[in-house]
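Note that this is a predicted model, so its numbers are computed, not measured.
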Amino acid sequence: MYTALYRKERPEVFSEILGQEHIVKILKNQLLTGTVSHAYLFCGTRGTGKTTTARILAKAVNCVDPVTGPCGKCESCMAIKEGRFMDVIEIDAASNNGVENIREINESVKYPPQVGRKKVYIIDEVHMLSQGAFNALLKTLEEPPEYVMFILATTEPEKLPQTILSRCMRLDFKRVPESVIIEGMRKIVSERGVEITEDGLKLLASNADGSVRDGLSILDQCLSSGEKKIDRDLILEFLGTVGDEFFIDLADKVSLGDISGALLLLNQVICEGKDVKQLMKDLNSHYRNLLITKYVKDAEGMLNMSSENLEKLKEQSAQITLEEIDRAIVILSRTINEARWSTQPRILLEMALVEIAQERAVEVPVVVKKNERPVKKETNLGDTWQRLFEKCEEVQKSFNIIRSQARLVEVDKDKFKIAVDTQIAERMLEESRQLVEETMKELTGAGRMLIQKAETKIQEEKDDLAQQVSKMLGIDVEMK
């Protein structure tokens, strides 16, 4: 029977564990000094080595020659590896989470180990235990017999009662760095006589998202194809996603408010069989890349893409506002979370694209040449305000003062509205009315009147002042 790559490549000794040097150091030192704890809590995201480390620790306390870790070759080590060692008991709390299951453990704890020095209980996904089960475990966890060790593993430590947390030595597993995953996978493919490109390795590591197991699962699919060379395109095919060009094009359409174009483009790749949930994640990563290139001058080392696409990304980043990037990331992150429980993730992604595009787009008439049919163009408010602001600043340097105190909120057929947060911005905008209106006409091709919209804070200040004047004069005063 075929063994999955992540099982075949599972570490058997401490030196083989990837990316958790801080935990390995602690455990090896405890073994060396004889200060091994009676109860551990291993916390961390999926695929970071919690259960694997638990098994290696179980080997170490039962190895015939432990020193600072298991030898991996003695009878005890081999029996634990093969799952036939009577004194290492693994329990999945997701399916054994009741009081009765814990009572069985409490009963078995009374009996000493049959073949080893320590009786080790590994409880995976321990946060799934019921409240009654936690209560039943407390006393045994606090004062187990000398020969018993508990290793609890969880991805959600915040769900554990404080009474459990206080009785364990907590060790937090970090996401494994991409560089470590890359080197690990490079070694695996090399041993199998398969060539893999650097771009391919980076893409694999990026999609592993800090999880060695996830990275190996993707690599396993690629190796199963029988190809002697694994490149970026092959990995994209197995991931069910597309290249950077697609996301650059999609983000362009969304930014321009071209909802129809964005939905048609999405439909095209979904019809090709691409995975919707993977597309969500990759689109979110694309907006993250836009954020990086906006602030990091030399971002090549942080982004996994060709130099041609990196240049396109830089151009796009300069055209899209920070506000739009921020909102897109928030909306897509929410959508990814909702899609975990949905049977219709495609609809969720389509709605997310509409939401991102629609909040920034309004229909604005444009001037057309004689004998041409009038058309409507969708204008991005954030983009228009950015260009309007920059052009006004070129003419009037002091215009820079209101950079963070005003914003374009509406563009209509014959007017445009700018919201202001302070009275300074309100006054300066009024003094620069002619410049602003002329610049807006230049940008949109049609003359419009500037309307100022005072935000709540300014209006409250005016209302307070109006009340004070009213009291002094004895008449009703309204300040606009």
Side-chain angles (χ1 to χ4, degrees), residues 209 240-272 274-295 312-313 315-365 375-388 406-413 416-419 421 444 453 455-456:
D209 193 25
T241 190
V242 285
D244 299 315
E245 301 85 354
F246 166 79
F247 296 107
I248 292 170
D249 194 10
L250 183 61
D252 265 340
K253 294 184 184 303
V254 169
S255 181
L256 292 171
D258 183 6
I259 297 173
S260 173
L263 294 179
L264 288 172
L265 185 61
L266 178 64
N267 178 69
Q268 180 183 330
V269 297
I270 291 177
C271 288
E272 291 173 2
K274 304 307 180 186
D275 182 74
V276 178
K277 293 182 180 179
Q278 185 65 44
L279 288 172
M280 288 181 189
K281 295 175 184 176
D282 290 343
L283 181 57
N284 205 19
S285 295
H286 177 73
Y287 278 104
R288 174 259 181 187
N289 292 345
L290 289 173
L291 181 67
I292 296 297
T293 51
K294 202 173 254 305
Y295 291 102
K312 293 178 184 177
L313 190 74
E315 291 176 13
Q316 188 175 70
S317 178
Q319 295 169 1
I320 297 180
T321 65
L322 177 60
E323 181 187 9
E324 184 176 350
I325 294 172
D326 176 63
R327 190 179 54 263
I329 290 173
V330 170
I331 292 171
L332 286 168
S333 297
R334 183 193 69 214
T335 304
I336 291 167
N337 188 52
E338 291 172 351
R340 293 168 60 194
W341 321 109
S342 174
T343 57
Q344 298 288 339
R346 173 177 180 167
I347 296 175
L348 293 178
L349 179 54
E350 289 170 338
M351 287 302 297
L353 293 178
V354 171
E355 186 178 354
I356 297 168
Q358 213 168 32
E359 285 189 15
R360 303 301 292 173
V362 294
E363 288 189 339
V364 178
V375 295
K376 286 186 176 181
K377 178 183 177 183
E378 290 186 334
T379 301
N380 183 299
L381 290 176
D383 223 21
T384 303
W385 170 243
Q386 183 70 19
R387 288 184 290 140
L388 174 71
R407 58 201 167 280
L408 182 65
V409 294
E410 185 181 330
V411 178
D412 210 338
K413 182 180 180 181
F416 62 101
K417 189 177 292 185
I418 295 179
D421 296 329
T444 62
K453 177 186 176 185
E455 292 298 283
T456 306

Any side-chain heavy-atom pair from [X] and [Y] closer than 4.5 angstrom?
X	Y	result
L353	L283	yes
R334	N337	no
F247	L279	yes

Heavy-atom donor-acceptor pair, [X] side chain to [Y] backbone, under 3.5 Å:
X	Y	result
T335	I331	yes
K253	D258	no
K277	A339	yes
S317	L313	no

**Message:** The test is side-chain contact (heavy atoms from CB on, under 4.5 Å); show your working for K312 and D249 and say whether it passes.
**Reply:** CA-CA 10 Å; K312 293 178 184 177; D249 194 10; over 6 Å; no
**Message:** Holding to side chain to side chain donor-acceptor pair (under 3.5 Å), I want the full list of residues that pass it with Q316, two or more places apart in sequence or in another chain.
**Reply:**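 Partners of Q316 by the side chain to side chain donor-acceptor pair (under 3.5 Å) criterion, ordered by chain and then number, come out as D252, H286.
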**Asked** Under 6.0 Å from the NZ atom of K281, do we count more than 12 heavy atoms belonging to anything else shown?
**Response**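 No.
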Specify the closest pair of heavy atoms between [X] and [Y], including all atoms of both residues, with the distance to one decimal.
X	Y	result
I320	A251	CD1-O, 4.4 Å
L322	K294	N-CE, 4.0 Å
V254	Y287	CG1-OH, 3.8 Å
E350	L266	CG-CD2, 3.8 Å
N284	L332	OD1-CB, 3.6 Å
L348	S342	CD1-CB, 3.6 Å

Working to the nearest 0.5 Å, report the span between [atom1] of [X] and [atom2] of [Y].
X	Y	atom1	atom2	answer
S285	I329	OG	CD1	9.5 Å
E355	I259	CD	CD1	11.0 Å
I336	Q278	CD1	CD	9.5 Å
R340	M280	CZ	CE	12.5 Å

